[in-house]
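Here, residue 1 is the first one in the sequence, and each next residue gets the next number. Only heavy atoms go into these numbers, but all of them, side chains included; no hydrogens, no water, no symmetry mates. What you see is a predicted model, and the numbers here were worked out from it, not measured in a lab.
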Amino acid sequence: MEELDERKVKILNAIIQNYMETGEPVGSRTISKSSDLNLSSATIRNEMSDLEELGYIIQPHTSAGRIPSDKGYRFYVDHLIQEKDQEVTEIKDLMIERTEKMEKLLKQVVKVLANNTQYATMISAPAISGTKVKFVQLSQVNENQVLSVVMMSGNIVKNKLIDVSSPLSNENMLKLNMLLNTHLNGLTVSDINLALISNMKSQASEFAEIVEEVLQSIAETIGDEETEIYTSGATNIFKYPELADSQKASEFISAFEEKDELKQLISDIETSGEGTGTGIQVYIGDESPIQTMKDCSVVTATYELGDGVKGTIGIIGPKRMDYKNVMDNLNHLKHQLDQMLQNKK
């Protein structure tokens with residue numbers, strides 16, 4: 001690999017990409033027109049001659065065009081895997097750092113909100129809405145397994161081992177990667193319909209099962225998302241006689257500790273479409289989707305991180321709560337979160 005300088009690497013990549021798209025031998029004029037190398041055809045021909053001498057490309061017949069050799073494919077695939085592995089590692093490290101900071105920030109936010117309002121408060125960590133596929137990478141792990149790496153918007157990464165009956169050639173692996181990325185990049189899960197799936201599987205031919213496994217991996221990525229919720233001030237309800245009944249209070253505290261009902265509240269907001277904007281929503285008494293909070297008022301707002309990443313802030317108190325103070329606090333906090341989180345992107 002040390003044999004190639006940066007210019008040769010760019011020319012080799014251009015040859016491979018052009019050949020993968022057209023299936024035709026690639027000449028120097030094609031490279032000069034289709035790439036941003038800003039090199040003359042003569043210079044490109046000289047570099048192609050060196051690449052051929054080094055065994056990275058071959059001349060299939062007497063035409064001026066070249067095609068990649070097995071050695072060329074191996075160089076391309078190894079470098080592609082190395083680049084993607086490095087990108088995935090960097091993103092994972094960044095997301096771990098951001099997640100730790102985010103958790104600390106949200107815990108502080110919900111505590112301050114409870115102190116300012118003297119009600120029970122909750123906040124959900126940013127979650128992905130309308131997740132899009134950023135890229136898909138397939139690579140051979142061993143003779144009977146292929147590794148699928150799917151990256152979604154929000155930098156969610158899903159790895160999956162796919163069993164295969166025999167190893168894939170470099171050319172077939174590249175074709176599959178091109179097929180997957182050409183059809184899936186920028187799509188949400190709802191965009192991946194039966195017609196698209198059928199078309200992709202048809203183009204994949206004998207590798208249709210691999211395409212199906214990748215699509216399943218994307219679906220699982222969305223299904224695996226778990227809403228993290230931070231709460232504070234649940235015991236504030238004891239300050240209000242109408243909520244301090246032992247049974248009601250016990251059910252309320254339990255809902256805050258177990259958080260399943262709070263997750264359902266957030267899910268109901270998103271499902272009803274009320275979470276699609278960033279305005280304030282107020283649920284009074286029986287309007288609350290949570291049974292244990294039918295004697296309360298629930299006020300929620302949505303904050304945004306961008307790229308479809310959103311979270312929900314909620315304040316739960318008696319029906320006689322100070323709605324103006326609650327809304328002022330929510331509005332102020334929502335705008336602060338929007339600014340802080342946007343700056344951390």
Side-chain angles (χ1 to χ4, degrees), residues 102-127 129 227-305 309-342:
M102 180 75 70
E103 182 177 345
K104 184 178 180 180
L105 171 65
L106 296 182
K107 285 180 177 178
Q108 290 174 339
V109 163
V110 79
K111 187 175 181 179
V112 169
L113 192 59
N115 289 335
N116 288 348
T117 62
Q118 292 300 298
Y119 301 129
T121 58
M122 54 160 276
I123 187 167
S124 67
S129 174
T227 303
E228 188 69 45
I229 297 178
Y230 306 98
T231 61
S232 185
T235 55
N236 282 339
I237 65 164
F238 292 113
K239 298 176 182 178
Y240 308 99
E242 64 268 44
L243 300 178
D245 172 86
S246 59
Q247 182 177 348
K248 290 179 181 177
S250 175
E251 291 175 349
F252 187 93
I253 296 295
S254 176
F256 252 63
E257 287 179 347
E258 295 177 7
K259 300 180 182 178
D260 288 341
E261 288 184 295
L262 299 181
K263 291 177 183 178
Q264 186 59 49
L265 169 64
I266 293 171
S267 176
D268 288 347
I269 291 172
E270 293 175 350
T271 303
S272 66
E274 292 169 342
T276 56
T278 55
I280 290 177
Q281 302 294 328
V282 181
Y283 306 87
I284 301 173
D286 288 338
E287 294 173 356
S288 172
I290 301 180
Q291 183 62 39
T292 55
M293 297 181 186
K294 296 295 185 182
D295 294 320
C296 306
S297 282
V298 181
V299 186
T300 66
T302 303
Y303 67 90
E304 289 197 24
L305 182 55
V309 184
K310 298 181 180 182
T312 300
I313 318 166
I315 298 177
I316 302 97
K319 295 176 188 177
R320 60 185 176 94
M321 71 161 53
D322 185 344
Y323 290 99
K324 184 179 184 305
N325 180 49
V326 165
M327 290 183 184
D328 286 346
N329 269 278
L330 273 181
N331 263 324
H332 178 68
L333 182 59
K334 187 187 85 66
H335 290 308
Q336 279 192 320
L337 275 175
D338 287 345
Q339 291 176 355
M340 284 189 290
L341 298 177
Q342 290 284 354

(request) First locate atom CD1 of I229, then atom OG1 of T312, and finally report the distance between them rounded to the nearest 0.5 Å. (result) 8.5 Å
(message) Does any part of the side chain of I290, heavy atoms only, come nearer than 4.5 Å to the side chain of L262, both counted from C-beta?
(response) yes
(request) Measure the CD1-CD distance between I266 and Q264 for me, rounded to the nearest 0.5 Å. (result) 10.0 Å
(request) Mind listing the closest non-hydrogen atom pair of V298 and S288 along with its distance? (result) CG2-OG, 4.0 Å
(message) Contact between E228 and L106 at the side-chain level, heavy atoms closer than 4.5 Å - yes or no?
(response) no
(request) State the OH-CD1 distance between Y303 and I123, to the nearest 0.5 angstrom. (result) 4.5 Å
(request) Grab the two heavy atoms, one from P318 and one from S297, that are nearest each other, plus how far apart they are. (result) O-CB, 4.0 Å
(request) Measure the CD-OG1 distance between E257 and T231 for me, rounded to the nearest 0.5 Å. (result) 8.5 Å
(request) Could you check if a side-chain atom of V282 sits within less than 4.5 angstrom of a side-chain atom of Y323, using non-hydrogen atoms only? (result) yes
(request) Can you see which heavy atom on A120 is nearest to which on A234, and at what distance? (result) CB-CA, 4.0 Å
(request) Please say whether more than 12 non-hydrogen atoms of neighbouring residues, nucleotides or ligands are located less than 6.0 Å from NZ in K111. (result) no
(request) Find the distance between CE (M293) and CG (D286) and round it off to the nearest 0.5 Å. (result) 14.5 Å
(message) Any donor-acceptor pair under 3.5 Å linking the side-chain atoms of S124 with those of Y230?
(response) no
(request) Indicate the atoms forming the closest heavy-atom contact of L243 with C296, along with that distance. (result) CD2-SG, 3.8 Å
(request) Hey, could you give me the CG/CG distance between L330 and N325, rounded to the nearest 0.5 Å? (result) 9.5 Å
(request) Would you indicate whether the side-chain heavy atoms of V299 and Y283 approach each other to under 4.5 Å? (result) no
(request) Answer yes or no: is there a side-chain heavy-atom contact under 4.5 Å between I316 and M122? (result) yes
(request) List the atom of K319, the atom of K294, and the distance in Å for their closest heavy-atom pair. (result) CE-O, 3.8 Å
(message) If you compare all heavy atoms of F252 against all heavy atoms of T292, which two are closest, and at what distance to 0.1 Å?
(response) CD1-O, 4.4 Å
(message) Quick one, I313 and L113 - any side-chain contact, counting heavy atoms below 4.5 Å?
(response) yes
(request) Kindly say whether I315 contributes a backbone atom to a donor-acceptor pair with the side chain of T121 at under 3.5 angstrom? (result) no
